[in-house]
Amino acid sequence: MYGAQGVRCNAIAPAQVETGLTQSIDNYDMFGLQQATCGTSLMNRSASPDEIASIALFLASGESSYINGVVLAADAGWSAY
């Protein structure tokens with residue numbers, strides 16, 4: 001609807017990002033965690049806030065001018081599993 005005005009709408013769908021909240025979690029249910037992540041060896045670490053910010057900067061830049069209406073999964077391959 002707003003494409004003619006140069007407005008694009010994109011989203012970033014990150015997996016776990018190292019933040020104060022995620023670093024403060026303890027007492028994981030290890031059985032539940034293992035079941036939820038079974039076979040997801042592609043995701044061997046959390047993202048840094050800077051990595052997600054870089055994606056946002058790219059989407060806000062002219063370098064992504066032809067990208068519109070997408071949800072970019074920034075999850076180290078987790079959603080491919």
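Here the structure is a predicted model, which is why all the values come from computation and not from measurement. Both backbone and side-chain heavy atoms feed into the values below; hydrogens, waters and symmetry mates do not.
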(request) Find out whether Ile52 and Pro49 are in side-chain contact, i.e. whether some heavy atom of one side chain is under 4.5 Å from a heavy atom of the other. (result)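 Counting from C-beta outward, Ile52 and Pro49 never come under 4.5 Å.
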
(request) Please collect all salt bridge (charged side-chain N to carboxylate O under 4.0 Å, His left out) contacts where either partner lies in residues 47-56, sequence neighbours excluded, each pair once. (result)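 As it turns out, the salt bridge (charged side-chain N to carboxylate O under 4.0 Å, His left out) pairs with a partner in residues 47-56, which skip direct neighbours, are Arg45-Glu51.
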
(request) Hey, could you give me each pair passing salt bridge (charged side-chain N to carboxylate O under 4.0 Å, His left out) that has a residue in residues 52-72? Not counting sequence neighbours. (result)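 For residues 52-72: none.
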
Using side chain to side chain contact (heavy atoms under 4.5 Å, CB included) as the criterion, list what pairs up with [X], not counting sequence neighbours.
X	value
Ala73	Asp75, Ser79
Ile67	Asn10, Phe58, Leu59, Ser64, Val70
Leu72	Ile55

(request) Run through the side-chain heavy atoms of Ile, Leu, Val, Met, Phe, Trp and Tyr, join any pair under 4.5 Å, and report what else lands in Tyr2's cluster. (result)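 When side chains under 4.5 Å apart are linked, the cluster holding Tyr2 also contains Met1, Val7.
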
